[in-house]
Amino acid sequence: METREKILEVAMEHFTRLGVRYVTMDDIARAAGMSKKTIYQEFKDKEQLVFNTFENSMRQDQEFFTKLSEESNGALEHFVEISKYIRSRFSNINPLVFSEIQRYYPKCWQLFEHYKHNCAIKTITETIDQGKAEGYFRKEIDSNIMAMIRLEQISSTFDPAKFPPAKFNIIEVQMAIMDHFIHGLLTDKGRELFYKINNQD
DNA sequence: TACCGT
DNA sequence: AACGGT
């Protein structure tokens with residue numbers, strides 16, 4: 001594997017599991033089996049490593065979502081698949097990582113914000129529109145407003161002031177909100193399919 | 001790996 | 001004292 005990719009992979013695993021500030025450059029060098037010098041040849045400083053690590057991971061997520069929407073059999077299945085992905089993806093993430101990045105790595109946080117406003121809202125809006133056309137989602141709802149609400153819901157689960165990790169399991173909160181959100185969109189026909197999808201596995 | 005500055 | 005950076 002390429003040196004740079006190896007570093008990004010090790011860094012992502014460490015940052016998400018233990019927290020960005022807790023993990024030192026020495027830790028990453030040791031885990032990647034290389035010297036710090038090698039890391040600093042690829043990345044200017046820790047801030048850049050953090051930025052590139054999350055940038056890389058978001059790119060991978062984006063690729064996954066694109067593939068998912070190409071393969072999906074409709075908007076509702078798509079939402080359910082995304083829900084599964086989120087569950088697996090976030091089960092290993094220390095929920096404190098996001099507030100940590102917001103506070104100490106503002107450039108990296110801006111990357112998240114940029115993604116939210118330029119990609120995520122568009123993708124969710126399109127999926128809701130598709131579900132309407134398929135007759136699974138209510139036509140009277142405003143797709144764009146619901147997409148924005150959905151993003152705010154997801155963001156809120158990572159805010160320790162709203163859902164303290166000591167009291168709440170983030171994955172459970174995510175799943176509860178997702179279920180509630182989808183029910184708000186569904187037509188009778190959609191609800192029928194939704195129950196069918198949920199009971200098949 | 002040892003070391004320095006913060 | 002610990003950690004980023006050389």
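Sequence lines set the chain letters: A, B, ... in the order given, protein chains first and strands last, and positions in each chain run from 1. If you're wondering where the values come from, they're calculated on a predicted model, not measured in any experiment.
A salt bridge does not link A:Lys67 to A:Glu70: none of the charged side-chain nitrogens sits closer than 4.0 Å to a carboxylate oxygen. In this structure, A:Glu13 pairs ionically with A:Arg17, as a charged nitrogen and a carboxylate oxygen lie closer than 4.0 Å. Salt-bridge annotation for A:Lys116 and A:Glu113: present, with a side-chain N of the basic residue lying under 4.0 Å from a carboxylate O of the acidic one.
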- Summarise protein proximity over nucleotides 1-6 of chain C in one line of letters, 5' to 3': B for base, S for sugar-phosphate only, - for none, counting protein heavy atoms closer than 4.0 Å. --SSBB

- Task: Check step by step if salt bridge (Lys or Arg N to Asp or Glu O under 4.0 Å) holds for A:Glu140 and A:Arg138.
- Result: CA-CA 6 Å; A:Glu140 61 270 28; A:Arg138 294 154 54 217; 3.3 Å; yes

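The side chain to side chain contact (heavy atoms under 4.5 Å, CB included) search around A:Tyr22 returns A:Leu18, not counting sequence neighbours.
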